[in-house]
A.B. asks: 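First the structure, then my questions, so here it is.
The first residue in the sequence is number 1, and the count goes up from there. Treat the numbers as computed from the prediction; the structure is a model and nothing was measured.
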Amino acid sequence: MPADYLASARKQFAYYKLLGDQTFAQVSDEQLFWQPNPACNSLASIVKHLWGNMLSRWTDFLTTDGEKPWRAREAEFDNDLTTRAAVLAHWEAGWQCLFTALDGLTEADLARTIYIRNQGHTVLEAINRQLAHYPYHVGQLVLMGKLLQGEAWQSLSIPRGNSAAYNAEKFAQPPHQEHFTEEKFKK
């Protein structure tokens, strides 16, 4: 395993947080709470779910089950946050909990066993599990933002029609080692 796995995982989590941040910057306060229908979650509800999951999974990560007895998962889907400040406070608190836990890990910890709902995972597997779960929901946030903003949406990746120019810029550079998220944080 590469010695920089934890740094790479952290960068990937930061990238998905950034996509959420950029989505929230493009939607109005009212749009944070909009639901396309009663069976769908609002942006605020998705944030509340991510927050609940992150706090449960990453609090005392190495020593307690990742599904905490105090977690109220069903309530995470209630559309009861009422302000942008509350939504963003939940968003930041969840990510802070995750990053604090990741920053406390060493490469040697990756083989340790932790539990989520009494199912054993290596730390590596648990990180990978969340690297699949959180982008799934961030993708929902981005799609909702695009639907809400329509033509006003500012692309978070390569805008339509710009692929050739983007690739030309990349291939004009000499081959080099760089995490794919680096360019997002250089701006």
Side-chain angles (χ1 to χ4, degrees), residues 1-37 39-51 53-54 57-58 77 81 84-85 87-103 105 124-187:
M1 171 177 323
D4 60 351
Y5 173 80
L6 287 169
S8 177
R10 193 184 200 293
K11 286 177 185 178
Q12 293 217 192
F13 280 122
Y15 171 72
Y16 287 105
K17 180 185 182 299
L18 177 66
L19 293 179
D21 293 340
Q22 292 173 329
T23 297
F24 302 139
Q26 293 191 54
V27 299
S28 70
D29 292 0
E30 180 179 274
Q31 289 171 329
L32 288 170
F33 309 100
W34 176 79
Q35 291 176 257
N37 63 60
C40 290
N41 295 310
S42 67
L43 295 170
S45 294
I46 295 168
V47 166
K48 193 173 161 195
H49 168 59
L50 284 167
W51 164 80
N53 180 280
M54 289 173 174
R57 295 292 184 266
W58 299 101
F77 298 101
L81 297 178
R84 175 179 289 270
V87 171
L88 296 180
H90 280 72
W91 177 253
E92 292 298 330
W95 288 104
Q96 183 59 51
C97 184
L98 176 148
F99 290 131
T100 297
L102 280 181
D103 291 346
L105 296 174
L124 177 72
E125 290 169 331
I127 292 170
N128 286 343
R129 177 176 172 163
Q130 300 317 101
L131 273 172
H133 183 207
Y134 301 157
Y136 167 84
H137 288 302
V138 171
Q140 292 172 327
L141 296 173
V142 172
L143 177 60
M144 290 268 286
K146 288 175 81 170
L147 291 171
L148 288 163
Q149 291 304 99
E151 295 297 317
W153 179 257
Q154 298 294 308
S155 177
L156 305 183
S157 62
I158 305 166
R160 282 187 182 199
N162 290 9
S163 295
Y166 180 84
N167 285 343
E169 178 188 327
K170 291 296 178 188
F171 285 109
Q173 300 172 21
H176 61 284
Q177 187 75 29
E178 181 179 54
H179 197 275
F180 82 97
T181 64
E182 292 297 321
E183 68 187 25
K184 283 291 208 180
F185 294 100
K186 287 180 184 175
K187 297 176 183 179

A.B. asks: Ring-plane angle category for H90 and W51, please: parallel below 30°, perpendicular beyond 60°, tilted otherwise.
C.D. replies: perpendicular

A.B. asks: Give a yes or no answer on whether the side chain of N37 reaches the backbone of C40 with a donor-acceptor pair at less than 3.5 Å.
C.D. replies: yes

A.B. asks: Could you check if a side-chain atom of R10 sits within less than 4.5 angstrom of a side-chain atom of D4, using non-hydrogen atoms only?
C.D. replies: no

A.B. asks: Would you compute the distance between atom CG of L43 and atom CD of Q35 and round it to the nearest 0.5 angstrom?
C.D. replies: 10.0 Å

A.B. asks: Do the side-chain N and O atoms of Q22 and Q154 include a donor-acceptor pair separated by under 3.5 angstrom?
C.D. replies: no

A.B. asks: Is there side-chain contact between Y5 and N128, with at least one heavy-atom pair below 4.5 Å?
C.D. replies: yes

A.B. asks: Does any part of the side chain of L141, heavy atoms only, come nearer than 4.5 Å to the side chain of L19, both counted from C-beta?
C.D. replies: no

A.B. asks: About how many Å separate NE2 of H137 and CG of L50, when rounded to the nearest 0.5 Å?
C.D. replies: 5.5 Å

A.B. asks: Do L32 and V47 have side-chain heavy atoms sitting under 4.5 Å apart?
C.D. replies: no

A.B. asks: Do W153 and V142 have side-chain heavy atoms sitting under 4.5 Å apart?
C.D. replies: yes

A.B. asks: Answer yes or no: is there a side-chain heavy-atom contact under 4.5 Å between L156 and Q26?
C.D. replies: yes

A.B. asks: Of the non-hydrogen atoms in V87 and A44, which two are nearest, and what is the gap between them?
C.D. replies: CG2-CB, 3.6 Å

A.B. asks: Does A126 offer a backbone N or O that forms a donor-acceptor pair with the side chain of R57 under 3.5 Å?
C.D. replies: no

A.B. asks: Which heavy atom in W34 sits nearest to a heavy atom in M144, and how many Å separate them?
C.D. replies: O-CE, 3.8 Å

A.B. asks: Drop me the distance from E30's CD to R84's CZ, to the nearest 0.5 angstrom.
C.D. replies: 11.5 Å

A.B. asks: For residues N53 and H133, report the shortest heavy-atom separation together with the two atoms involved.
C.D. replies: ND2-CE1, 3.3 Å

A.B. asks: Looking only at non-hydrogen atoms, find the nearest pair between P135 and Q130 and report the distance.
C.D. replies: CD-O, 3.7 Å

A.B. asks: Can you give me the closest heavy-atom contact between L148 and Q31, atom names plus distance?
C.D. replies: O-NE2, 3.5 Å

A.B. asks: So F13 and W95, do their side chains get closer than 4.5 Å, heavy atoms only?
C.D. replies: yes

A.B. asks: If you draw a 6.0 Å radius around CD in Q173, do more than 12 non-hydrogen atoms from other residues or ligands fall strictly inside?
C.D. replies: yes

A.B. asks: L81 and F33: which non-hydrogen atoms are nearest, and at how many Å?
C.D. replies: O-CE2, 3.0 Å

A.B. asks: Can you tell if the side chain of K17 reaches within under 4.5 Å of the side chain of W91, non-hydrogen atoms only?
C.D. replies: yes

A.B. asks: Is it true that atom NZ of K146 has more than 12 heavy atoms of other residues, nucleotides or ligands lying nearer than 6.0 Å?
C.D. replies: no

